[in-house]
There are 2 protein chains.
Amino acid sequence: MRSIADLARIAGVSVSTVSRALTGKGTLNEKTRERVRALADEYGFRLNVSAQNLRLGRTGAIGVLLPLGHERGQHLSDPFFSAMLGHLADELAERGYDLLMSRVLPDRANWLDDFVRSGRTDGVIVIGQSNQGAVLEAVGKTYRNMVVWGASGADLPYLTVGTDNVAGGALAARHLLERGRRRLAFFGNIDAPEFVARERGFLEALPEELRASTEIVPIHLTPESSFAAASEYFAAGNRPDGVFAASDIIGMSIVAAAAEHGIAVPEAMSVVGFDDILLARIATPPLTTVRQDIAEGARRLVDLVLQRIAGEDVSSALLDPVLIERGSS
Amino acid sequence: MRSIADLARIAGVSVSTVSRALTGKGTLNEKTRERVRALADEYGFRLNVSAQNLRLGRTGAIGVLLPLGHERGQHLSDPFFSAMLGHLADELAERGYDLLMSRVLPDRANWLDDFVRSGRTDGVIVIGQSNQGAVLEAVGKTYRNMVVWGASGADLPYLTVGTDNVAGGALAARHLLERGRRRLAFFGNIDAPEFVARERGFLEALPEELRASTEIVPIHLTPESSFAAASEYFAAGNRPDGVFAASDIIGMSIVAAAAEHGIAVPEAMSVVGFDDILLARIATPPLTTVRQDIAEGARRLVDLVLQRIAGEDVSSALLDPVLIERGSS
DNA sequence: GCGCCATCAGCAATCGTTTGCAAGTCAAAT
DNA sequence: ATTTGACTTGCAAACGATTGCTGATGGCGC
């Protein structure tokens, strides 16, 4: 009982009839349809997806790519990514698509091109621009079914979905100012466009004199390296009273490093993160942060890529961030 | 330039020749092979994976299933899962397999059977038994290419890979005893076999009189709910001086809840977690925990499922846990 | 009783590969 | 000159589904 032909033999009908019965396409006598379906159930028969896809010229799967531009092997450690992944899985499943996941170490310049041209998926969702802007642009010019989570650009040749990072940075800035903080610092990765936009929004929202005095501390995205960087920063005697971290993980690392240097949070220093991962709530102290609506983001990503596949034309989406005040500021 | 036939025409050879040139299988004049390959590169031609898979009777993909037995929609929030996922992705990619990810809400009893029989993947890795023991057993009896991350059972009809949870629990117990702790408590989910085993190992390693006095606090796996449970527990006036948490996330929640109730960690209470997720290191205080070797686990999972697919016979694997001492105890 | 039309189901081509078999070529051995 | 064998390559049949076209069947009206 491997193929449609076997079932056809058992049912005493032709393969076309079985196909029509099972897919519901075409016209068929309701009685025959029922009979074939019952038989299929009885024998536990399922259509072969590969064959179906071959015939239909599609794959029924969407690729989700996580470029690990900066941190070899550890990007997924940020719960932001897994939350996004989870929502994408749900969203795609709901629409009948499989999710093909691939972590890529973009050491070869054509990692994306290779993936796209392998034809394993009908479309691609890239989570994060990382430092792969050039690659994305190159592929985006010729390949249409791609949507990227990250910063939207003036006229990027590919679709993006992302939080308004500039606005998010501004939220953080205004919050720290309201708290009376004046010795400010920004901790973040400076390769990735998302983070650059957060930094820009933060700086732009500050009065001019503070803008100049605000320190920018470059950081990598793994917990260890951001902890190390923060620790070093404090060890060098720096004592900001307000810190904006480009992600919650960075924010939590800063809090931990501050504790080691006897800096009380929030009394002596306010920390604001970005993302609002679930753990932000159970951090000690709970982390004030700029929330991204990941569920909505996932929904939009899937919407856009499927619409592109369907040939509709669509445009990039920008989501509004919200400031969540908690104990760390 | 869609198919092998087009390329064959351009190269002036037959389709079989192109196939042999590109796949490297069969015997072919080295010069022709080179020529065809060069042409393929020039035109950016790639074999169609669906067709290839159909012909070869495989899919080239392994399904990774995350059953969300207890906590609808939030299981992936535990960084343990994403770390595992990341390692699986790497391991599978290295061996030329795609990773088809699926989060399942096991509300229908036949979620696993359906997936397996859809034929979308050559094998299945299930991460965590959750409360789906019965379903796993049922499918394991007839479907061979399945490996489950979790607790190994006496004679389960399916392969498992997992940490020796009983030993892990014992490590935690001995550590707390060494620290002089005597008023003990265990926080953990009691549905999932992994957690039950941790609890059992913990209790068995205690002297009899403590075993009876140790409290078992049932908990769910999301950060919020474990925080709430811990908070409630402390609010009721309970003041253990040593706590073993069934996961790092639970451990961190306990620390956070303790802080709210003015319980100093580690001075007044030691907390030991389980997993050693990356964040354990940057928690405040850094979390003492029982480390699971996730990378090794992923490697074994992939090994086993591929060996099963190849028809070899193999047996379940048990990994050794290690206690990592940090600031919380 | 005949023709017409609607409905239903089968035939066979097709999607893009792989691969057993056989045919062709060419050089060496007889 | 013929046989032998090694090497290369092509032919065509799969893999398991979908679907346009066509033919069969039966009901109905005249």
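Scope of the values below: all heavy atoms of this structure, side chains included, with no hydrogens, waters or symmetry mates.
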Working for side-chain contact (heavy atoms from CB on, under 4.5 Å), residues A:Y97 and A:L306: CA-CA 10 Å; A:Y97 276 84; A:L306 294 188; 3.6 Å; yes

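- Computed from coordinates, the B:N53 CG to D:dA17 P distance equals 15 Å when rounded to whole Å.
- Two residues, A:S3 and B:S14, neighbour DNA chain D, and the one matched to the more 5' nucleotide by heavy-atom proximity is B:S14.
- Taking a cutoff of 4.0 Å between a charged side-chain nitrogen and a carboxylate oxygen, A:D6 and A:R9 qualify as a salt bridge.
- When all heavy atoms are compared, the tightest approach of A:D122 to A:N145 is O-ND2, 3.2 Å.
- Two residues are said to be in side-chain contact when any heavy atoms from C-beta on lie closer than 4.5 Å; B:I127 and B:L65 fail this criterion.
- Each of A:A5 and B:V13 was assigned the nucleotide of DNA chain D with the nearest heavy atom; the assignment lying further toward the 5' end belongs to B:V13.
- Of the residues in residues 16-34 of chain B, those lying under 4.0 Å from DNA chain C by heavy-atom distance are B:S16, B:S19, B:R20, B:T23, B:K25.
- Each end of the helix from C:dG1-D:dC30 to C:dT30-D:dA1 gets its own rotation axis from five pairs of C1' atoms, and the angle between them is 60° to the nearest 10 degrees.
- Residue A:Q52 places at least one side-chain N or O closer than 4.0 Å to OP1 or OP2 of D:dT18.
- Distance B:L54 CG to D:dC15 C1': 4 Å, rounded to the nearest Å.
- Within a 6.0 Å sphere centred on CZ of B:R2, heavy atoms belonging to other residues, nucleotides or ligands number 12 at most.
- Ion pairing between a basic and an acidic side chain is recognised when a charged N comes within 4.0 Å of a carboxylate O; A:D113 and A:R117 show such pairing.
- With respect to B:E34 and B:K31, no salt bridge is recorded, no charged nitrogen being found less than 4.0 Å from a carboxylate O.
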Residues A:V13, A:R35; criterion side-chain contact (heavy atoms from CB on, under 4.5 Å); working and verdict: CA-CA 11 Å; A:V13 295; A:R35 198 163 55 80; 3.7 Å; yes

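- The two residues B:W111 and B:P67 make their nearest non-hydrogen contact at CH2-CB, 4.0 Å.
- In summary, contact between chain B and DNA chain C, defined as any nucleotide atom under 4.0 Å from a heavy atom of the protein, begins and ends at C:dG16 to C:dG20 in the 5' to 3' direction.
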Stepwise side chain to side chain donor-acceptor pair (under 3.5 Å) check, B:S16 with B:S19: CA-CA 5 Å; B:S16 3; B:S19 170; over 6 Å; no

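- At a threshold of 4.0 Å, the pair B:R308-B:D313 does not count as salt-bridged, since none of the basic side-chain nitrogens sits closer than that to a carboxylate oxygen.
- Atom CZ in B:R35 sits roughly 14 Å away from atom P in D:dT8 (whole-Å rounding).
- Nucleic acid contact class of A:L47 (heavy atoms, under 4.0 Å, all strands): sugar-phosphate only.
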